[in-house]
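Taking it in order: structure first as C-alpha cells, then the write-up.
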Amino acid sequence: TNQPTGSPTTASPTTASPTNQPTLSPTNSPTSSPTDPPTPSPTVPPTSSPTSQYPPLVYDYDNTCNEVPPGGVCTSSPPLQQCQGDCDGNGDCAQGLYCFQRGISQTSVPFCSGTPPEPLVGDNDKDYCTIPPLPPSGYLAYVYDDSGTAFSNYDKTPPLLECEGDCDGDTDCAGDLKCYQRAGLEAVPGCLSGNSNLNQDVSGKDYCYQDSTSPPTTSSQPTQSPTETCAPTPVVSAMPTGPATYIPGENTVNIEGLRLSTGLQAEVIATANQQVLLKDGQLSAETFHGKPDGAAVFADECGGGWTYVSNSESGGSTTYSGGVGAIYFNAANEVTGYKMIQKNTRRNCSGGRTWWGTWLTCEETSGGGVFEVHPKNNSPEIKRHTLIGRQNGRNGGNYEGVAYDNRDTNNPKFFLTEDSSNGPLERFSPSSQALTDAISSGDYSNLLHDNSDNTAVTDYLVLDSLAGTFFWSSDLAAGRSSANSHFRNCEGIDVRNGQLYMTCKAQKLLFILDLDNLTYEESSTVSGAFNDQPDQIALLTGGASGDILYFCEDGISSTTSGAGIHARDATGQGYTIAQDEDSVLSGETTGLAFSPDRKVMIFAFQSQGRIYKVWREDGRPFGGQTLDIRYHGSTHPNIFASAR
C-alpha cells in the first residue's frame, strides 16, 4: 500500500568605521560544494566614515498605525525604504531590501543608525527594512538593478560577477559570463539559491553565470545511499502459521509509557537529543532531532531495507534548527543508522512524498518554504527550494502538508495546505517542458524546480458552500478569502482515488473533495475522523473484511491527552490502537507510517521527542491503510471508548 502523500539572525555591522555600503567580497573562500549559511553576516569595509552616516531608524508605518508615534498616524506606506519600519515581510520593503526581523532585546539594525524608536503601545520589537547581507561566493546575490526603483546597495554596477544580478543582457556580465534570463525562480546554472528570507534570489530577476557549468544543486539527485554500498540482506523469517493474537481496540498491554491493543509490543528506538542505538550495539554519530513531526517510509533500491524520514519542527521564524532526519532499517526491520538529511530549515512540520521517491518537507513559519530532499541525501546543508508555494506573488507561508494526484501522468497536480486563518489550499501544476523532460528521461529531480518555459500553473481552492461545489482560481486573494470563510488553519492532507482529504483545526472539520466532479463534503472531526462515514472508509480500505484505516490524533491539551493511534474499519467501528498511559505522553502524535512489509508501525510523540516501533507478537503484518490526516481533541480522553 502506498504511504500518504501527505531568518537567520543577522549580525550587526562591525564597529570599525564602515562606509554606507557593504562590500561584495565574502569573507571566506567557498568550498567545492558551497552550503547555505544559517547566519550570514554582512561584511563592511573600514573607512573613516562614521556609522552615523547610515540612515537613521524611522518608525513611521505599521499595518494598524495606532502604535506609530507621536500620534498613532502612519506617515509612510510600503514599499518602505532603508531603515524604515515596521515591516512584516520582504514584500513591505523597496526593491533590493529585506525585512530584518528583530528580537525584543536587539537594539541595532544592520546598515542603520540609532536605536529603534519606541512605539506608543504594545511590543517594542518592530522590524525594519535594510540591506540584505551578502551570501558567500557561489550563491545568487541581488546586488544591482536599474529597473523600477533602481538601486546599487553594494556600490555595484555592471559588469557583474558570476551569480550576481540583476543583469539585462550578456553585456552586463564580466568576461565570458552570460546573463541567465528567468521568468520566475528557475535554477541558475552554477549558482545556489541560498536563504530565501534574505531576498537575494528574486523571482524574475536575471543573474550572470558561466554557461559551461551546470547547477550543483539540481544537476543530479542527492546521493542514493548513506554508505558506499548496500548492506547485506539479513535472513527474513517466513510468514507465521500460528493463531493471530492482535485484537484492535482491546487495550491490555502497558509498555514504554503506552497502552496498546492486545497482541502488540513496542520499544522506543529514538529520543530527541540522544544518539540512536543501532542493531550492532553502536550509537549513531548524530543525536536524534527534536520535535519529530511529519514522516514517511521509503523502500530501498537494494536489499529490502527501508528508510523512515522524520521532520523536525524545531526552530522559529529566525532560528534555523529544524530539518529532516532519517532512520535506516535493514530487511529484518532492525535499525542500522541515523543522520540528518536536511539542515538549516525552520519548523519543518509535515510534508509529503513524491512518486519518484523523494520527500517534500514544509516549513510552518512566516515565509516558510517547501523543500525537496532524497531519503539518502549526503549534503544536508544544501536546500532545494521547490516552486510550490512561491507563485502568483506568494513568497512563503506557514506550510503544512503536500499531496499529489498523478492518475493522469501527463497532467499531475500537487496540493499544499497552510496553517493560517486565511491559508489557501494551493494546487500546483508543473511546467510542461519540465514534465516532458522528466517523462522522457525518467529523472524527475527538477520537476518541481524548473519553470524555464513559464508554463507552471498555481491556483487556489474556492468553495461554493451553498451548492457544495468548488472551483480553482489563479487569484490568491480569492483563495485566501475562501479559506478564511470556510477552512481555516488546515494541516493534514491526502489524496486517494480522486478524493482529496483535508483536516482544518480552527473549525475542527474534515473536507473531502471529489477532484473529478468538483463537489465536496465536510464533517466535524470533534469525535474522530469519519465518525459517520463508513462508506468513505470502505472506499479507502477496499471494504475488505478485517481491513482498517489508521490515523493519528492530537492531544486535547498539554495536561489531558487523547493523543494516540486510532483506526476505523469498513463499517465505521472505531478502535484505539495505541495511547499514552496515564496521560504521561501528552501532546501530538505524529509521523505514523508502516514498514514496506507492514510488520512494523512507526510513530512519534512529539513533546517527548520519542519514536516508537510497534509490532504484532504473532509476527503477522498490519492490515489496512494509513491516511495522512490528524484530527483534533475531543472531550473524552479516549474517543473510541464506547465504540469497542
Side-chain angles (χ1 to χ4, degrees), residues 2-4 6 221-237 266-312 322-343 345 348 351-354 356-361 371-382 384 590-604 609-615 621-622 626:
N2 290 331
Q3 292 297 319
Q221 285 192 346
T223 306
Q224 298 294 302
S225 175
T227 57
E228 293 298 318
T229 59
C230 294
T233 303
V235 176
V236 180
S237 59
E267 64 176 337
V268 176
I269 60 171
T271 303
N273 304 315
Q274 297 181 20
Q275 292 170 288
V276 177
L277 179 63
L278 310 182
K279 77 175 187 66
D280 57 6
Q282 300 295 312
L283 295 174
S284 62
E286 298 181 57
T287 59
F288 190 71
H289 56 271
K291 302 190 72 173
D293 208 309
V297 161
F298 296 85
D300 282 357
E301 299 84 358
C302 56
W306 51 284
T307 304
Y308 175 79
V309 300
S310 166
N311 278 351
S312 170
V324 184
I327 303 177
Y328 300 101
F329 295 80
N330 61 23
N333 298 325
E334 300 167 318
V335 176
T336 60
Y338 167 78
K339 68 177 182 179
M340 291 295 289
I341 58 174
Q342 182 69 76
K343 297 180 179 179
T345 51
N348 297 69
R353 296 167 52 98
T354 66
W356 56 92
T358 59
W359 174 244
L360 300 177
T361 179
F371 301 89
E372 183 178 11
V373 62
H374 193 277
K376 302 293 183 68
N377 182 33
N378 281 328
S379 302
E381 304 287 348
I382 295 178
R384 303 197 66 217
T590 62
L592 174 64
F594 289 86
S595 59
D597 63 7
R598 304 287 295 181
K599 290 186 177 181
V600 168
M601 175 193 296
I602 303 281
F603 60 88
R610 294 184 186 178
I611 301 292
Y612 282 89
K613 172 184 173 182
V614 178
W615 65 95
F622 290 93
T626 57

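Small disclaimer: the values here were computed from a predicted structure and weren't measured. Only heavy atoms go into these numbers, but all of them, side chains included; no hydrogens, no water, no symmetry mates. Throughout, residue positions are numbered sequentially from 1 according to the sequence presented.
The shortest side-chain heavy-atom distance between Ile269 and Ile602 falls under the 4.5 Å cut-off. With contacts defined as side-chain heavy-atom distances shorter than 4.5 Å, the pair Phe371/Arg384 does not qualify. His374 is not listed as a side-chain neighbour of Ile341, based on a closest heavy-atom distance of 4.5 Å or more. Counting only heavy atoms from C-beta outward, the side chains of Phe298 and Arg353 approach each other to under 4.5 Å. You'll find the side chain of Glu267 reaches within 4.5 Å of the side chain of Trp615, heavy atoms only. Residues Val335 and Tyr328 form no side-chain contact, since every pair of their non-hydrogen atoms from C-beta on lies 4.5 Å or further apart. Inter-residue side-chain proximity for Gln275 and Thr287 is flagged as met; some heavy-atom pair is nearer than 4.5 Å. Side-chain contact between Leu277 and Leu283 is present, with heavy atoms from C-beta onward closer than 4.5 Å.
In plain terms, the two heavy atoms of Pro375 and Gly357 that are nearest each other are CD-O, 3.3 Å. The two residues Val276 and Ala270 come nearest to each other via the heavy atoms CG2-CB, 4.1 Å. Of all the heavy atoms in Lys339 and Lys376, the pair that sits closest is NZ-O, 3.7 Å. Across all non-hydrogen atoms, the minimal contact from Pro292 to Thr590 is O-OG1, 3.0 Å.
To the nearest 0.5 Å, atoms CD (Glu372) and CG (Asn377) are separated by 10.5 Å. Between the OG1 atom in Thr307 and the CD1 atom in Ile327 there is a gap of 10.0 Å [rounded to 0.5 Å].
Distance alone, capped at 3.5 Å, places no donor-acceptor pair between the Thr354 side chain and the Leu360 backbone. In this structure, the side chain of Lys613 does not engage the main chain of Glu334 through any donor-acceptor pair within 3.5 Å. The backbone N or O of Ala295 sits nowhere less than 3.5 Å from a side-chain atom of Ser310 that would complete a donor-acceptor pair. Panel note: side chain Ser595, backbone Val600; a donor-acceptor pair is recorded below 3.5 Å. Without hydrogens or angle criteria, Thr345 side chain to Gly323 main chain gives a donor-acceptor distance under 3.5 Å.
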Task: Audit row: Trp306, Asp597, side chain to side chain contact (heavy atoms under 4.5 Å, CB included) steps and yes/no - done: CA-CA 10 Å; Trp306 51 284; Asp597 63 7; 5.7 Å; no
Open item on the list: Could you go through His289 and Val324, starting from their C-alpha distance and side-chain angles, then the distance that decides it, and tell me whether this counts as side chain to side chain contact (heavy atoms under 4.5 Å, CB included)?
Closed with: CA-CA 8 Å; His289 56 271; Val324 184; over 6 Å; no
Open item on the list: Please evaluate residues Phe288 and Arg610 with respect to the criterion side chain to side chain contact (heavy atoms under 4.5 Å, CB included), reporting the C-alpha separation (whole Å), side-chain torsions for both, the decisive distance (0.1 Å), and the verdict.
Closed with: CA-CA 9 Å; Phe288 190 71; Arg610 294 184 186 178; over 6 Å; no
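No side-chain donor from either of Asn348 and Lys291 sits under 3.5 Å from a side-chain acceptor of the other.
Of the listed residues (Ile382, Val309, Val373, Asn311), just one forms a side chain to side chain contact (heavy atoms under 4.5 Å, CB included) with Gln342, and that residue is Val373.
In this structure, the ring of Phe329 has its center no less than 6.0 angstrom from the ring center of Tyr308.
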